[in-house]
Amino acid sequence: MVPTVAEQLVRTLRRAGVSRVYGIVGDSLNPIVDAIRRTEGIEWVHVRHEEAAAFAAAAEAQLTGKLAVCAGSCGPGNLHLINGLYDAHRSGAPVLAIASHIPSGQIGSGYFQETHPESLFTECSHFSELVSQPEQMARLLRTAMQTSVGRRGVSVLTIPGDIAERKAYGSDEDFRPAEPGAVVPPPTTVDQLATLLNNGEKVMLFCGAGCENAHDDVMELASWLQAPVGHSFGGKEWIQYDNPYDVGMSGLLGYGACYDAMHAADRIVMLGTDFPYDTFLPQAKTIQVDIEPAHLGRRTVLDLAVHGSVAETIRAVLPKLTQKTDPSFLHQMLREHTRKLEVVVDAYTKNIEHRTPIHPEYAAKVLDEVANDDTVFTVDTGMGCVWAARYLTPNGKRRVLGSFRHGSMANALPHAIGAQLAAPGRQVVSISGDGGLAMLMGELLTLSSADLPVKVVVFNNATLGMVKLEMLVDGLPDYGTDHPPVDFAGIARAAGVHAVRVEKPAEVRDALVEAFAHPGPALVDLVTDPYALAVPPRVTGRQVRGFAAAISRTVLTGGVGDMVEMARANLRNVPRP
C-alpha cells in the first residue's frame with residue numbers, strides 16, 4: 001500500500017533514530033500526528049505551548065547529539081516555535097521543525113491563518129523549504145535532516161496539510177544523517193601555530209563549548225605551555241573540573257583571574273569559543289581555534305586563525321612544541337585567582353543559614369551539594385545563570401543547559417522536559433526564576449500529565465532581578481520589575497506536582513532532599529532575598545557603565561561556592577614568592 005506523505009515523513013524520521021516529536025495537535029498538522037499515532041517506536045509529546053516544544057527538542061538534541069523534532073500547526077501554531085528555534089539554532093542543536101501550512105491551493109490568497117513559514121524561519125535555520133508537491137518530500141526531508149546534523153542547527157520543513165494527506169512518491173527511506181567529523185588544520189597552519197606558541201613567554205588558554213570531549217588534550221597543552229586556563233560560561237562544564245591550571249571565567253558572569261590572565265599574557269589561545277563580549281578581550285596577541293570558519297576573527301583581531309577541532313588541533317601541534325620550564329606566569333595567576341575568590345566567598349556562604357529571606361547564594365550552594373553527580377541542570381536566563389555560573393560544580397558527568405547564546409527567558413522548564421525524556425534515568429533539575437517560570441508555567445501540566453520526574457527549583461524573589469540591575473546601573477528607576485509575591489508551590493500542587501514552599505534557610509536542604517527523592521515531578525519554591533542584587537562598594541566609578549558593569553557589580557565580586565577550595569588545592573604545589 002502506498003503511504004501518504006505524512007506516513008513517509010514519520011517512517012523516515014523513525015528509521016533515522018527519532019523517537020519523539022514535541023508539539024500541539026491541530027488542523028493542518030493532524031495527518032502527521034495521526035501518522036505518529038500509527039507508527040511504532042515514535043511518540044507525540046504534547047506540550048502546552050509550541051515554544052516549549054522547540055526548547056524541549058533543543059535540550060534533547062544537545063544532550064544526545066542526535067536529531068530532535070518539534071512541530072507546529074499552520075499560522076500561530078508554528079509561529080510559536082520561533083523563539084525556541086532561535087535558541088536551538090544559536091546553541092548548535094540539530095533540530096528539525098515541521099511547520100504545517102494552510103491548503104496549498106490557498107497559499108498567496110490571504111487565507112485564514114496564512115503566513116509564509118519558509119521565509120519566516122530563514123534567519124533561525126540553516127535550511128527552510130516548502131514542500132509544495134508530494135514528490136519533493138523524500139529529497140527535502142533527507143536534506144533537512146542532514147543539514148541539521150551536519151551543520152549543527154535548525155532545519156524547517158513547511159508542509160501544507162493537504163500535501164501531507166496525499167500519496168507519497170517512492171518508498172520509505174532508511175536514511176540516517178551522517179554526523180560531522182573532526183577537522184584537522186593543514187600542516188602549514190599547525191607549523192605557524194607551533195611557532196607562535198613556542199615564542200610566547202606568557203601563554204594563556206581561553207576555552208569554550210568547543211572543548212567538549214577535549215578536556216585531557218587541553219590539560220596536556222596547558223602543561224606543555226605552563227599556561228593558566230580560563231573559560232567562558234559555555235566552556236565551564238568541559239574545562240573547570242580536574243583542572244590544576246584553572247583561573248576562572250571571563251565575561252558578564254565572570255570571576256577569578258581569567259580576565260587578568262588574558263590581559264597579562266603575551267599570547268592568548270581561544271579554543272572552541274565564539275565568545276561574544278569583545279570588550280573583555282584584549283583585541284591583540286590572539287590565536288583562535290574553531291571548527292566553524294565563520295567564528296574565526298569575528299570577535300577579535302587575530303594573529304592566527306586555525307580552522308580545526310580543538311582536540312585534533314592540539315594533538316597535531318603538541319609534537320612540535322618545546323616544553324616551557326618557567327612556571328612563574330602560571331603561578332602568579334593561580335595566586336591571584338585564589339586571592340580573588342578568598343576575598344569574597346565568606347560573605348556569601350557563611351553565617352547566613354538563619355537569615356531571612358533566603359540568600360540565593362546559600363540556596364544555590366546547597367543545591368549543588370544535594371544534586372547527583374550526573375545531574376542535568378537546565379538554567380533560566382537572568383539571575384539563574386548567575387547562580388549556575390557560581391555554584392554548580394562540574395565534574396565531567398554533570399550537564400548544564402541554558403539559553404546561553406539566545407538569552408531567552410522561560411527556557412529552563414521546557415529544556416528540562418526534553419532533557420528528562422532524552423535521559424529518563426538521570427536526575428534533571430530546572431533552575432527556574434520566578435519570571436521565567438511564570439512565562440511558560442503551563443508546562444507544569446506537561447510534567448504532571450506525562451509524570452516526568454523533573455525537579456523544578458524556583459528562585460522566587462518577586463522581581464525581574466537582572467532587569468532591575470540593568471535599570472539601576474543605567475541610572476533609571478526600576479520601574480515594572482517588581483510584582484506581587486506568587487505561591488508557585490500552591491500552583492504546582494494544583495497542577496498535580498509535588499511541591500513545597502520554603503521561607504527559612506534552615507529548611508532548604510531538607511526540602512531539596514525530599515523533592516529529589518520524590519519519584520515523580522516536584523517543585524521547591526524558594527522565597528529568596530530580592531536585595532541580593534545589592535552593589536558592593538568596591539566597584540570604581542569607571543566600571544559603573546552599561547550592562548557589563550552591572551553584572552560586574554553583582555557577580556564579579558560575588559560568592560563562588562566550592563571553587564575557592566579547588567583554587568586552594570591548585571596552589572598546594574606552587575612555591576610561595
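Between Thr158 and Val156 there is a side-chain heavy-atom pair separated by less than 4.5 Å. Residues Cys70 and Leu85 are in side-chain contact: their nearest non-hydrogen atoms beyond the backbone lie under 4.5 Å apart. Leu401 has its side chain out of reach of Val379: every pair of non-hydrogen atoms, C-beta onward, lies at least 4.5 Å apart. A heavy-atom distance below 4.5 Å is found between the side chains of His295 and Gln288. The shortest distance between side-chain heavy atoms of Met249 and Cys258 does not fall below 4.5 Å. Between Val428 and Leu452, every side-chain heavy-atom pair lies at or beyond the 4.5 Å cut-off. Here the side chains of Leu437 and Leu523 are in contact, with some heavy-atom distance below 4.5 Å. Between Leu296 and His307 the shortest side-chain heavy-atom distance falls below 4.5 Å.
Formation of a donor-acceptor pair under 3.5 Å by the Asp380 side chain with backbone atoms of Asn411 is found in this model. At distances below 3.5 Å, not a single donor-acceptor pair connects side-chain atoms of Asp303 with backbone N or O atoms of Ile287. In this structure, the side chain of Ser73 does not engage the main chain of Leu29 through any donor-acceptor pair within 3.5 Å. In this structure a side-chain-to-backbone donor-acceptor pair under 3.5 Å is present from Ser109 to Gln106. The main-chain N or O of Phe377 is never found under 3.5 Å from a side-chain atom of Arg399 such that the two would form a donor-acceptor pair. A donor-acceptor pair under 3.5 Å links the side-chain atoms of Gln136 to the main chain of Gln133, judged by distance alone. A side-chain donor-acceptor contact under 3.5 Å links Asp162 to the backbone of Ser104. A distance-only check finds no donor-acceptor pair linking the side chain of Ser91 to the backbone of Ala88 [under 3.5 Å]. Side-chain atoms of Thr378 come within 3.5 Å of backbone N or O of Ala412 as a donor-acceptor pair. Although no hydrogens or angles enter the test, the distance criterion places no donor-acceptor pair under 3.5 Å between the side chain of Thr189 and the main chain of Val306.
Ion pairing of Arg299 with Asp274 is present here, as a side-chain N (NZ or NE/NH1/NH2) and a carboxylate O approach within less than 4.0 Å. Electrostatic pairing of Asp290 and Arg298 does not count as a salt bridge here, judged by no charged N lying under 4.0 Å from a carboxylate O.
For Ser408 against Thr381, the heavy-atom pair with the smallest separation is O-OG1, 2.7 Å. Here the closest non-hydrogen pair linking Pro282 and Ile268 is CG-CD1, 3.3 Å. The heavy-atom pair separating Ile291 from Pro293 by the smallest distance is O-CD, 3.5 Å. Here the closest non-hydrogen pair linking Pro180 and Arg152 is CG-NH2, 3.3 Å. Residues Val47 and Ile24 share a closest heavy-atom pair of O-CG1, 3.3 Å.
Interatomic distance, Phe55 CZ to Leu81 CG, rounded to the nearest 0.5 Å: 11.0 Å. Note: Leu130 CG to Leu140 CG = 9.0 Å, rounded to the nearest 0.5 Å. Atom-to-atom distance recorded for Leu63:CG and His415:NE2 is 11.0 Å, nearest 0.5 angstrom. For the atom pair CG (Asn372) and NZ (Lys455), the distance works out to 10.0 Å, reported to the nearest 0.5 Å. Atom CG of residue Leu141 and atom CG of residue Leu157 lie 6.0 Å apart, to the nearest 0.5 angstrom. To the nearest 0.5 Å, atoms NZ (Lys236) and CZ (Arg398) are separated by 10.0 Å.
Annotation: salt bridge (charged side-chain N to carboxylate O under 4.0 Å, His left out) contacts involving residues 27-42, sequence neighbours excluded, comprise Glu7-Arg38, Asp34-Arg37, Asp34-Arg38. A salt bridge (charged side-chain N to carboxylate O under 4.0 Å, His left out) check over residues 124-147, counting only residues at least two apart or in different chains, returns the pairs Arg142-Glu173. Applying the ring-ring contact (aromatic ring centres under 6.0 Å, His included) test to pairs two or more places apart or on separate chains, those with a residue in residues 92-134 are His89-His126. Legend: side chain to side chain donor-acceptor pair (under 3.5 Å) pairs involving residues 417-429, not counting sequence neighbours, sorted by first then second residue: Thr375-Gln427. Sorted by first and then second residue, the salt bridge (charged side-chain N to carboxylate O under 4.0 Å, His left out) pairs involving residues 59-82 (not counting sequence neighbours) are Arg20-Glu60, Lys66-Glu179. Residue pairs meeting the salt bridge (charged side-chain N to carboxylate O under 4.0 Å, His left out) criterion with at least one partner in residues 82-94, sequence neighbours excluded, do not occur; the list is empty.
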- Task: Verify side-chain contact (heavy atoms from CB on, under 4.5 Å) between Val310 and Asp217, making sure each step is shown before the conclusion.
- Result: CA-CA 8 Å; Val310 172; Asp217 300 286; over 6 Å; no

- Task: Could you check Leu9 against Leu13 for side-chain contact (heavy atoms from CB on, under 4.5 Å), going step by step and ending with a plain yes or no?
- Result: CA-CA 6 Å; Leu9 166 70; Leu13 290 176; 4.1 Å; yes

- Item | Trace of the side-chain contact (heavy atoms from CB on, under 4.5 Å) decision for Glu165 with Thr4 | CA-CA 6 Å; Glu165 293 177 318; Thr4 64; 5.8 Å; no

- Stepwise side-chain contact (heavy atoms from CB on, under 4.5 Å) check, Ile431 with Leu367: CA-CA 10 Å; Ile431 299 178; Leu367 170 61; 3.8 Å; yes

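Taking His49 as the reference, Glu51, His80, Leu440, Glu443 meet the side chain to side chain contact (heavy atoms under 4.5 Å, CB included) condition, with sequence neighbours excluded. With sequence neighbours excluded, no residue forms a side-chain hydrogen bond (donor to acceptor under 3.5 Å, both in side chains) with Thr39. Checked against side chain to side chain contact (heavy atoms under 4.5 Å, CB included), Ser148 has the following partners two or more places apart in sequence or in another chain: Leu67, Pro94, Ser155. With sequence neighbours left out, the side chain to side chain contact (heavy atoms under 4.5 Å, CB included) criterion links Ala364 to Trp387, Tyr391, Phe459. With sequence neighbours left out, the side chain to side chain contact (heavy atoms under 4.5 Å, CB included) criterion links Ser448 to Val497. Under the side-chain hydrogen bond (donor to acceptor under 3.5 Å, both in side chains) criterion, Thr481 pairs with no residue, sequence neighbours left out.
Heavy-atom neighbours of Glu123 CD from other residues, nucleotides or ligands within 6.0 Å: at or below the threshold of 12.
Taking the six-membered ring where tryptophan is involved, the planes of His406 and Tyr86 are essentially parallel, since the angle between them stays under 30° and well short of 60°.
In this structure, a donor-acceptor pair under 3.5 Å is present between the side chains of Ser100 and Ser28. Between Asp434 and His483, the side chains place a donor N or O and an acceptor N or O closer than 3.5 Å (distance only, hydrogens not considered).
Checked against the 6.0 Å centroid threshold, His46 and Tyr22 do not count as a close aromatic pair.
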